[in-house]
Trainee: 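This is the structure I have questions about; it appears just below.
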Number of protein chains: 2
Amino acid sequence: MSATRPEGYDPYAFEPFAVTVDLAVFTVREGRLHVLLVERGQEPYQGAWALPGGFLLPRESAETAARRELAEETGLSERTAADLHLEQLRTYSEPDRDPRMRVVSVAYTALVPDLPEPRGGGDAAHARWTPLPAAAPPGAPGRDRRPAPLAFDHDRILADAYDRIGAKLEYTCLATAFCPPRFTLGELQQVYETVWGVELDRPNFRRKVLATPGFVEAVEGEPRRTGGRGKPAALYRAGAASVLHPPLLRPEGRQQT
Amino acid sequence: MSATRPEGYDPYAFEPFAVTVDLAVFTVREGRLHVLLVERGQEPYQGAWALPGGFLLPRESAETAARRELAEETGLSERTAADLHLEQLRTYSEPDRDPRMRVVSVAYTALVPDLPEPRGGGDAAHARWTPLPAAAPPGAPGRDRRPAPLAFDHDRILADAYDRIGAKLEYTCLATAFCPPRFTLGELQQVYETVWGVELDRPNFRRKVLATPGFVEAVEGEPRRTGGRGKPAALYRAGAASVLHPPLLRPEGRQQT
DNA sequence: TCAAAAGTGTTCGGGTTACACCCATGG
DNA sequence: CCATGGGTGTAACCCGAACACTTTTGA
C-alpha cells in the first residue's frame with residue numbers, strides 16, 4: 001500500500017471491493033482430466049457451470065477460504081482438505097468480470113486423487129466432476145473448447161490453471177498429488193500422459209522417475225495391477241522432493257489427438 | 001464467486017476489503033540487483049521503506065493500477081510504463097497484514113533497464129533504488145537480509161519476487177528486460193550473474209543464447225565495450241521469443257559469495 | 001607489452017531417446 | 001498360449017560443462 005493516499009484507510013471512502021476465491025480442482029479419472037464444476041442456482045449465469053468458490057470471511061486469508069470452500073464443495077473433511085495440494089494461480093480483477101459489483105477473485109489450483117463423486121451435503125449438491133476435452137498442447141491454436149462456456153471469466157481461469165499444471169508437471173513432483181497414497185509407476189505415467197495428452201516411453205519414464213531422489217519411494221507390500229491385465233506392479237508413495245532436477249520435459253511434436 | 005451466497009452482492013453486507021497493488025521493481029546497475037523502494041511518510045511504519053504501490057481505482061484492473069503506480073513512482077511516462085514487463089506475482093491476503101484494516105494486495109514484479117534515479121515529481125520524491133544484499137541462492141538457509149525490515153509484509157513479497165525472477169531467468173527470455181534496447185552479450189551475461197549470484201562460462205553462455213531462436217537478434221552498427229577495456233562487442237536487441245527452449249539452468253553449487 | 005574482454009574450437013560425460021527384449025498374469 | 005502391462009538392457013545422440021586458445025582494444 002502506498003504512503004501517498006492517507007485517506008485510503010477510511011473503510012468506506014472507496015467503493016467497496018468484494019474479494020472471493022475461485023478454485024480449479026483437477027483430478028484424473030478414467031484416463032481423462034476432470035475439473036470440479038458447480039451449477040449456478042441464480043442469476044447471473046443461472047444454470048451455467050462455474051468453478052467453485054466463495055467470499056472471504058472477515059478474518060480469513062485467501063488460502064484459508066480456498067481450503068474451506070474446497071472442503072465444502074467436495075464433501076471432504078477439513079482435515080483432509082488441509083493436506084491437499086493448493087496453489088495460488090493468480091488474481092482476476094477486471095472491473096466488469098462480475099456484472100453486479102466489483103469482485104476481485106483470487107484463483108487457486110488444486111490437484112486431488114480420484115475422489116468419490118461430491119457428496120450431496122450442502123453446497124456440493126450441484127457439484128460435478130466434468131471431463132475436460134481431450135488434451136491438446138497448452139497454447140496450441142486449435143485449443144479445444146467445452147461446449148457451454150462457464151460463468152463469468154471462469155473459462156479464462158480454467159485455461160490458465162490448465163496451462164499451469166501442465167507446466168508444473170515438468171519441473172515439480174506434483175504429479176503424485178493426482179495419485180492415491182499408494183500408486184504404481186504406470187498410474188503415475190498415466191497422469192503425465194493424461195494431462196499432457198502425449199504418450200511417453202515407459203522404460204524411460206520409469207528410469208527418470210526412479211533416478212530423481214525423493215520423487216517416489218518404494219513401498220513394501222502386495223503388488224497391484226494397474227489395468228485389468230498384466231504383471232502386478234510395485235507400489236510407491238510420494239517422496240519428500242518437490243522439484244524435479246533435471247526437469248521431465250514434455251515432448252513437443254507428436255501428441256496424441 | 002459462489003452460487004451459494006446470494007446475500008453476497010449487497011456491497012455493504014460485508015466488512016469492506018481494500019484492494020491494493022504492490023510493486024517489486026528490479027533493475028541491474030553497477031553489477032548489483034536493485035529494487036525500487038519508497039520511504040513511508042506516515043504511520044504505521046513511518047520512516048520505514050516499503051514497496052511502491054497503491055489502491056485500485058474504482059474501475060481499474062490490478063494490472064492497470066500497477067502500471068499507473070509504476071509510472072508515478074519512477075517518473076516514467078505512461079507510454080513507457082505501458083511497454084515495461086509487468087508480471088503478477090501473487091496476492092497477499094493475511095487478515096492482519098495491515099494493522100488498520102483489511103487490505104488485500106496484488107503484488108507485481110517488474111524488470112526495467114537501468115533507469116535514471118526516480119524523478120522528484122510527486123510520489124517519486126521518496127523513491128530510491130536500493131541494492132539488494134549480494135545474491136545468495138534462493139531458498140538457501142543463510143539467506144541474507146537487508147538491515148532494516150520493510151513495512152508491512154513487504155520483506156516477504158520482496159523475497160518471493162526475488163525467487164521468482166531468479167527462476168524465470170531459467171526458462172524465459174526475460175533477462176533482456178533488464179538491458180537497454182541495444183546490448184552486448186557480456187551485458188546480458190552480467191544480468192544472469194548478478195541475479196543468480198554465480199559466474200557463468202562465457203563461451204557456453206554465448207553459444208546457448210545464440211542457439212536459441214528469437215532470444216536475441218544481431219544488430220548492425222558500432223560495436224561497444226561492456227567494461228572499460230577489451231575488445232568491443234557486437235550489439236544485439238531482444239528477440240521475439242518469450243520462452244527459452246531448452247531452459248538455461250542455473251548452476252547449483254559454487255555460487256560466489 | 002600487458003591486462004581485459006570478445007569470440008572460437010574441442011573434448012568429455014551425463015542424460016535423453018529409441019527400441020529390443022524378457023517377465024508375470026488373466027483370459 | 002496370447003494379449004496386456006511391468007520391468008531390464010543398450011546403443012545412438014544431443015547438449016551442457018570445462019577449458020585451451022585467438023582476437024581486439026586501452027593503458
Side-chain angles (χ1 to χ4, degrees), chain A residues 30-31 169-171 179 182-194 196 198-213 215-216 218-236 243-256, chain B residues 31 169-171 179 182-194 196 198-213 215-216 218-236 244-256:
Chain A
E30 297 157 12
L169 288 197
E170 289 190 326
Y171 58 95
C179 295
R182 298 291 183 266
F183 54 88
T184 69
L185 294 186
E187 291 167 340
L188 186 63
Q189 182 175 348
Q190 278 182 18
V191 167
Y192 277 90
E193 293 180 333
T194 301
W196 286 348
V198 300
E199 285 187 3
L200 302 176
D201 181 83
R202 183 153 11 104
N204 294 334
F205 178 83
R206 173 186 189 78
R207 263 187 298 266
K208 175 71 180 175
V209 170
L210 294 179
T212 303
F215 192 176
V216 299
V219 148
E220 307 300 321
E222 297 290 288
R224 202 176 64 202
R225 273 159 293 284
T226 295
R229 316 221 180 307
K231 180 180 177 176
L235 291 181
Y236 296 84
V243 291
L244 211 45
H245 267 323
L248 176 48
L249 298 175
R250 86 188 100 180
E252 309 160 53
R254 62 192 180 293
Q255 61 285 346
Q256 70 188 13
Chain B
L169 289 197
E170 290 190 324
Y171 59 96
C179 296
R182 298 290 183 265
F183 55 88
T184 70
L185 293 187
E187 291 166 340
L188 186 64
Q189 182 176 348
Q190 279 182 17
V191 167
Y192 278 90
E193 293 180 333
T194 301
W196 286 348
V198 299
E199 285 187 3
L200 301 177
D201 182 83
R202 188 159 356 146
N204 293 334
F205 179 83
R206 172 186 190 76
R207 265 187 297 266
K208 175 73 180 175
V209 170
L210 295 179
T212 304
F215 192 177
V216 298
V219 149
E220 307 299 321
E222 297 291 288
R224 201 177 64 202
R225 271 158 297 285
T226 295
R229 312 213 186 315
K231 180 178 178 177
L235 290 180
Y236 296 84
L244 211 44
H245 268 323
L248 177 47
L249 298 175
R250 85 187 99 178
E252 309 159 52
R254 62 193 180 292
Q255 62 284 347
Q256 72 189 13

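Each chain gets a letter, A, B and so on, in the order the sequences are listed, and its residues count up from 1.
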Trainee: Report the distance from atom CG of A:Leu249 to atom C1' of C:dT17, rounded to the nearest whole Å.
Mentor: 13 Å
Trainee: Using whole Å, report how far CZ of A:Phe205 lies from C1' of D:dG6.
Mentor: 13 Å
Trainee: Rounding to a whole Å, what distance do you find between B:Lys208:NZ and D:dA18:P?
Mentor: 15 Å
Trainee: At under 4.0 Å between heavy atoms, how does the protein contact nucleotides 3-11 of chain C? Give one character per nucleotide, 5' to 3', with B, S or -.
Mentor: -BBBSBBB-
Trainee: Looking at every heavy atom in both B:Leu244 and B:Leu169, which two are closest together, and how far apart are they?
Mentor: CD2-O, 4.0 Å
Trainee: Figure out the CG/C1' separation between A:Leu200 and C:dA18, and round it to whole Å.
Mentor: 13 Å
Trainee: Sequence neighbours left out, what passes side-chain hydrogen bond (donor to acceptor under 3.5 Å, both in side chains) with A:Gln189? Give chain and number order.
Mentor: A:Glu193
Trainee: My understanding is that only residues two or more places apart in sequence, or in another chain, count here; which of them pass side chain to side chain contact (heavy atoms under 4.5 Å, CB included) with A:Pro203?
Mentor: A:Asp201, A:Arg207
Trainee: Go through the structure and list residues passing side chain to side chain contact (heavy atoms under 4.5 Å, CB included) with A:Val219, not counting sequence neighbours.
Mentor: A:Arg182, A:Leu235, A:Arg237
Trainee: Tell me every residue that passes side chain to side chain contact (heavy atoms under 4.5 Å, CB included) with B:Tyr171, counting only those two or more places apart in sequence or in another chain.
Mentor: A:Tyr171, B:Lys168, B:Pro247
Trainee: Check side-chain hydrogen bond (donor to acceptor under 3.5 Å, both in side chains) between A:Glu170 and all other residues, then give those that pass, not counting sequence neighbours.
Mentor: A:Arg250
